[in-house]
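To start, the structure under review is shown below, and the notes come after it.
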Amino acid sequence: MDDIFEKSLNYAFDETRGYLTSCPTNVGTGIRASVMLHLPALVMTQQISRILQAINQVGLVVRGIYGEGSEALGNLFQLSNQVTLGMSES
């Protein structure tokens, strides 16, 4: 399928680096490190919103189970870094 599209569409491609596949929101390192967390106690005690606000203040972001734009299901949350621009891989 890729070969068919490539015949009529111009991809962002570089002979050395390959295809541009990183999401623009990951510009910089292009690395998004994330972890799935199951937090039923925080949801049941209604403390989750307070925790989520604090997490945003330290450069992290919480998403739903399916990533950006999704909602948490079954008390599962995806926690990842928000800042990539100007950051090194280490």
Side-chain angles (χ1 to χ4, degrees):
M1 195 58 127
D2 182 59
D3 292 337
I4 293 169
F5 285 134
E6 193 172 64
K7 288 178 185 176
S8 58
L9 297 173
N10 292 323
Y11 284 101
F13 180 76
D14 180 82
E15 289 292 330
T16 305
R17 296 177 185 91
Y19 290 100
L20 174 65
T21 58
S22 181
C23 176
T25 60
N26 295 340
V27 98
T29 64
I31 295 174
R32 171 99 42 217
S34 42
V35 62
M36 293 298 289
L37 301 169
H38 185 226
L39 304 172
L42 290 174
V43 173
M44 291 183 335
T45 60
Q46 300 176 352
Q47 297 295 311
I48 193 70
S49 61
R50 197 180 83 193
I51 299 298
L52 297 181
Q53 289 173 0
I55 286 172
N56 287 329
Q57 293 176 357
V58 295
L60 299 173
V61 66
V62 177
R63 296 181 169 95
I65 190 167
Y66 298 112
E68 191 171 352
S70 67
E71 304 230 355
L73 296 174
N75 304 320
L76 288 169
F77 299 86
Q78 184 186 111
L79 176 68
S80 60
N81 59 307
Q82 186 170 21
V83 178
T84 58
L85 184 58
M87 303 296 287
S88 74
E89 289 82 359
S90 58

Rounded to the nearest 0.5 Å, what separation is found between the CG atom of Leu39 and the CE atom of Met44? 11.5 Å
Heavy atoms only: give me the nearest Gln82-Leu60 pair and the separation to one decimal. OE1-O, 3.7 Å
Transitively linked via ILVMFWY side-chain contacts under 4.5 Å: Ile48 with Leu76? no
Scanning both residues in full, the closest heavy-atom pair of Asn81 with Ala33 reads OD1-N, 2.8 Å
Between Met36 and Val62, is there shared hydrophobic-cluster membership here, with clusters defined by ILVMFWY side-chain heavy atoms closer than 4.5 Å? no
Val61 versus Asn56, closest heavy-atom pair with distance: CA-OD1, 3.8 Å
For Ser80 versus Arg63, what's the shortest heavy-atom pair and its separation? OG-NH1, 2.9 Å
Minimum heavy-atom distance Gln78-Ser34, with the two atoms named: CG-CB, 3.9 Å
Kindly work out whether a path of hydrophobic side-chain contacts (I/L/V/M/F/W/Y, heavy atoms less than 4.5 Å apart) joins Leu73 to Leu79. no
Point-to-point distance, once rounded to the nearest 0.5 Å, from CG of Leu52 to CZ of Phe77: 6.0 Å
Between the OG1 atom in Thr45 and the CD1 atom in Ile51, the distance rounded to the nearest 0.5 Å is 8.5 Å
